Number of protein chains: 2
Amino acid sequence: MNRSASIDTPDQGLGGEGIGKESLKGSLGFLLRVAQLRSFGHFFAVMSEENVRPGEVTVLDLVRENPGIRQGVVSKTLKIKRAQMSKMVREMEAEGLIARRVPREDRRSVELRLTPAGEARIARIATRFPEIEARTGKRLTAAEARELRRLLIKMTGLEDKEGE
Amino acid sequence: MNRSASIDTPDQGLGGEGIGKESLKGSLGFLLRVAQLRSFGHFFAVMSEENVRPGEVTVLDLVRENPGIRQGVVSKTLKIKRAQMSKMVREMEAEGLIARRVPREDRRSVELRLTPAGEARIARIATRFPEIEARTGKRLTAAEARELRRLLIKMTGLEDKEGE
DNA sequence: TTAATTTTGTCTACTAGGAAACAAATACCG
DNA sequence: CGGTATTTGTTTCCTAGTAGACAAAATTAA
């Protein structure tokens with residue numbers, strides 16, 4: 001096990017699980033992290049059942065809603081860096097879920113569209129979105145969930161500008 | 001550049017940045033993700049200035065507040081998996097920031113304490129926490145920030161049980 | 001006590017994601 | 001027009017984090 005720590009006499013090291021005061025622990029940033037992890041946990045669990053990767057699903061969903069969307073716009077919208085998006089799109093193309101097309105009017109860019117297989121997959125998975133949403137907000141009343149959504153939108157400034 | 005996509009005629013692919021309707025994009029999960037990314041961005045920016053890694057800082061902060069805390073408790077509290085915590089602690093010990101000690105009464109576990117160097121580092125960095133917190137909540141009124149905190153705590157169930 | 005189970009931490013892959021350097025195409029500016 | 005700057009996507013390398021198997025110690029059951 002390769003434990004190099006010293007073995008020593010006790011020392012009132014809190015035996016139980018109790019935690020003392022807080023500082024970062026009570027910060028908004030930490031709470032957001034915990035909330036996001038919990039929410040993602042639900043999402044991930046369902047996507048595992050469906051044998052798909054979470055990231056793929058968000059891309060499929062956005063491309064479905066916006067056929068021909070440029071790859072960079074997907075990237076900005078979903079807050080995924082271009083490098084990562086590039087990899088994902090390559091894999092999804094290889095899986096036959098997505099089609100890339102370089103438009104004549106701007107040959108740097110790439111337009112994305114779903115293949116029929118992609119359409120089928122996202123359609124199947126999308127039926128489970130409400131379930132995930134419900135699980136995420138299950139401890140809140142409807143009014144509270146609405147207020148939480150409003151505060152998050154305000155906090156992030158998402159109302160004003162779409163892309164960063 | 002190795003572009004294998006077909007080059008073809010236009011096709012009303014939305015040239016602008018505009019996005020259509022929403023589905024996952026308006027979900028609570030996505031909003032939480034965006035909010036968390038923004039918050040983490042502030043945290044990360046400051047930690048970069050201070051030349052420390054964000055993960056380390058959260059551990060230092062928690063150990064400072066709870067000297068002798070067991071590694072697994074840190075892990076549960078910060079929602080970091082044990083494997084990752086194991087690596088972080090090893091590195092932080094190598095950096096001389098943290099001391100590990102195996103208590104006699106449970107020789108599986110490891111108690112963590114800060115070294116003087118660790119104390120010094122977290123003390124310096126902690127002075128910047130309020131700044132980060134302020135930046136995270138800068139678009140909200142004080143009342144809204146308080147309400148957001150309340151809703152996140154309720155949503156995650158953090159009030160009841162510390163662990164899990 | 002002995003045997004099975006659980007807890008605790010570690011190790012070895014593997015995945016997701018980010019940063020920086022790059023190339024190609026386009027936009028801007030003189 | 002010609003040259004510079006910007007945008008867009010890709011590639012390579014690196015870090016953070018996860019999953020799963022494992023070992024050792026402690027706990028529970030028989």
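Lettering follows sequence order; numbering is per chain, from 1. As the structure is a computational prediction, the values presented were derived from the model and not from experiment.
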Q: With axes from five pairs an end, tell me the bend angle of the helix from C:dT1-D:dA30 to C:dG30-D:dC1, nearest 10°.
A: 30°
Q. Given atom CE of B:Met88 and atom C1' of C:dC11, what is their separation to the nearest angstrom?
A. 17 Å
(Q) Would you say B:Arg90 places a side-chain N or O within less than 4.0 Å of OP1 or OP2 belonging to C:dC11? (A) yes
(Q) Need to verify one output field. Residue with the more 5' nearest nucleotide on DNA chain D, A:Val89 or A:Leu37? (A) A:Val89
Q) Under the 3.5 angstrom rule, does the side chain of A:Asn66 hit a backbone N or O of A:Leu62 as a donor-acceptor pair? A) yes
Q) Atom CZ of B:Arg100 and atom C1' of C:dT10: how far apart are they, to the nearest Å? A) 9 Å
Q: Taking side-chain contact (heavy atoms from CB on, under 4.5 Å) as the test, write out the residues that go with A:Ala143, two or more places apart.
A: A:Thr141, A:Arg146
Q.
Taking 4.0 Å as the cut-off, does a side-chain nitrogen or oxygen of B:Gln71 come that near to OP1 or OP2 on C:dT10?
A. yes
Q | Set of residues satisfying side-chain contact (heavy atoms from CB on, under 4.5 Å) with respect to B:Ala94, sequence neighbours excluded | A | none
Q | Listed partners of A:Gln71 passing side-chain hydrogen bond (donor to acceptor under 3.5 Å, both in side chains), at least two apart | A | none
Q) Do side-chain atoms of B:Thr156 reach the backbone of B:Leu152 as a donor and acceptor pair under 3.5 angstrom? A) yes
Q: Could you tell me the separation between the CZ atom of A:Arg107 and the P atom of C:dA23, rounded to a whole number of Å?
A: 18 Å
Q. Does any N or O in the side chain of B:Ser27 come within less than 3.5 Å of the main-chain N or O of B:Leu24, such that one atom is a donor and the other an acceptor?
A. yes
Q | Value in whole Å for how far the C1' atom of D:dT8 lies from CG of A:Leu112 | A | 13 Å
Report, one line per pair, each donor and acceptor closer than 3.5 Å where one atom sits in a side chain of residues 118-133 of chain A; sequence neighbours left out.
| residue | atom | partner | partner atom | Å |
| --- | --- | --- | --- | --- |
| A:Arg124 | NH1 | A:Glu50 | OE1 | 2.4 |
| A:Thr127 | OG1 | A:Arg124 | O | 2.6 |
| A:Arg128 | NE | A:Glu131 | OE1 | 3.1 |
| A:Arg128 | NH1 | A:Glu49 | OE1 | 2.8 |
| A:Arg128 | NH1 | A:Glu50 | OE2 | 3.1 |
| A:Arg128 | NH2 | A:Glu49 | OE1 | 3.1 |
| A:Arg128 | NH2 | A:Glu131 | OE1 | 3.2 |
| A:Arg128 | NH2 | A:Glu131 | OE2 | 2.9 |
| A:Glu131 | OE2 | A:Arg135 | NH2 | 3.4 |
| A:Glu133 | OE1 | B:Leu28 | N | 3.3 |
| A:Glu133 | OE2 | A:Arg149 | NH2 | 2.6 |
| A:Glu133 | OE2 | B:Leu28 | N | 2.9 |

Q. Roughly, in whole Å, what's the span from CZ in A:Phe40 to C1' in C:dA16?
A. 9 Å
Q: Give the rounded distance in Å between these two atoms: CZ of A:Phe44 and C1' of C:dA16.
A: 11 Å
Q | Rounded distance in Å - NZ (B:Lys87) to P (C:dT12) | A | 11 Å
Q) Quick one: B:Lys81 NZ to C:dT15 C1', roughly how many Å, whole number? A) 14 Å
Between the protein and nucleotides 5-7 of chain D, which nitrogen or oxygen pairs come in under 3.5 angstrom?
| residue | atom | partner | partner atom | Å |
| --- | --- | --- | --- | --- |
| D:dT7 | O2 | A:Arg108 | NH1 | 2.8 |

**Q.** Sequence-distant partners of B:Thr115, side-chain contact (heavy atoms from CB on, under 4.5 Å), two or more places apart
**A.** B:Ala99, B:Ala117
**Q.** salt bridge (charged side-chain N to carboxylate O under 4.0 Å, His left out) partners of B:Arg150, counting only residues at least two apart
**A.** A:Glu144, B:Glu147
